[in-house]
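For reference, the structure is listed below as structure tokens.
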Amino acid sequence: SILYELINKDLITYCKGNMFAWISLPVYWTPKTLTEACAKLGVTIMPADKFVVGSQAPLSHIRISLSAADSSLTFKKGLKVLADLINQGP
């Protein structure tokens with residue numbers, strides 16, 4: 001899939017059939033800073049801390065939707081933006 005073509009598979013947690021995937025971030029990104037950088041480029045992602053229950057410490061992950069984009073082309077463009085940011089750093 002395009003997800004594994006653009007982002008290192010070792011960073012991705014995905015279960016077949018899910019509508020989202022988790023991506024573990026390199027040490028030079030925090031979920032907050034990557035979320036902000038993506039937003040500046042028109043791509044929406046969710047930092048892991050939005051999904052924390054109770055006092056559990058959030059992981060250095062983001063969650064991406066695999067189904068929210070209005071077309072496969074939009075999804076691919078957004079994923080390319082995300083992959084470029086992950087690979088090049090802040």
For residues 7-18, run the donor-acceptor check on the side chains, cut-off 3.5 Å, and write out each pair with its distance to 0.1 Å, sequence neighbours left out.
| from | atom 1 | to | atom 2 | distance (Å) |
| --- | --- | --- | --- | --- |
| N8 | OD1 | D10 | N | 2.7 |
| Y14 | OH | G17 | N | 3.2 |

Minimum heavy-atom distance P47-I45, with the two atoms named
CD-O, 4.0 Å
Looking at every heavy atom in both Y28 and I86, which two are closest together, and how far apart are they?
OH-O, 2.6 Å
If Ile, Leu, Val, Met, Phe, Trp and Tyr residues are connected whenever their side-chain heavy atoms lie under 4.5 Å apart, and connections chain through other members, are I23 and F20 in the same group?
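In one cluster with I23: F20, no.
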Would L25 and V43 show up in the same hydrophobic cluster when neighbours are defined by side-chain heavy atoms closer than 4.5 Å?
yes
Could you work out, with side-chain contact (heavy atoms from CB on, under 4.5 Å) as the rule, every residue matching T44, not counting sequence neighbours?
none
S72: what forms a side-chain contact (heavy atoms from CB on, under 4.5 Å) with it, not counting sequence neighbours?
none
Report all side-chain donor-acceptor pairs from residues 76-83 shorter than 3.5 Å, counting only partners two or more places apart or in another chain.
| from | atom 1 | to | atom 2 | distance (Å) |
| --- | --- | --- | --- | --- |
| K80 | NZ | D84 | OD1 | 2.8 |
| K80 | NZ | D84 | OD2 | 3.2 |

Taking atom CG of L41 and atom CG of L85, what is their separation to the nearest 0.5 Å?
5.5 Å
S60 side, atom OG; D49 side, atom CG - distance, nearest 0.5 Å:
10.5 Å
Any donor-acceptor pair under 3.5 Å linking the side chain of W22 with the backbone of A48?
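Between the backbone of A48 and the side chain of W22 there is no qualifying donor-acceptor contact (under 3.5 Å).
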Taking C-beta and beyond as the side chain, do I62 and W29 meet within less than 4.5 Å on heavy atoms?
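The answer is no; the side chains never approach within 4.5 Å.
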Without placing hydrogens or testing angles, list every side-chain donor-acceptor pair under 3.5 Å for residues 32-40, not counting sequence neighbours.
| from | atom 1 | to | atom 2 | distance (Å) |
| --- | --- | --- | --- | --- |
| T33 | OG1 | T30 | N | 3.1 |
| T33 | OG1 | T30 | O | 3.2 |
| T33 | OG1 | T30 | OG1 | 2.9 |
| T35 | OG1 | P31 | O | 2.6 |

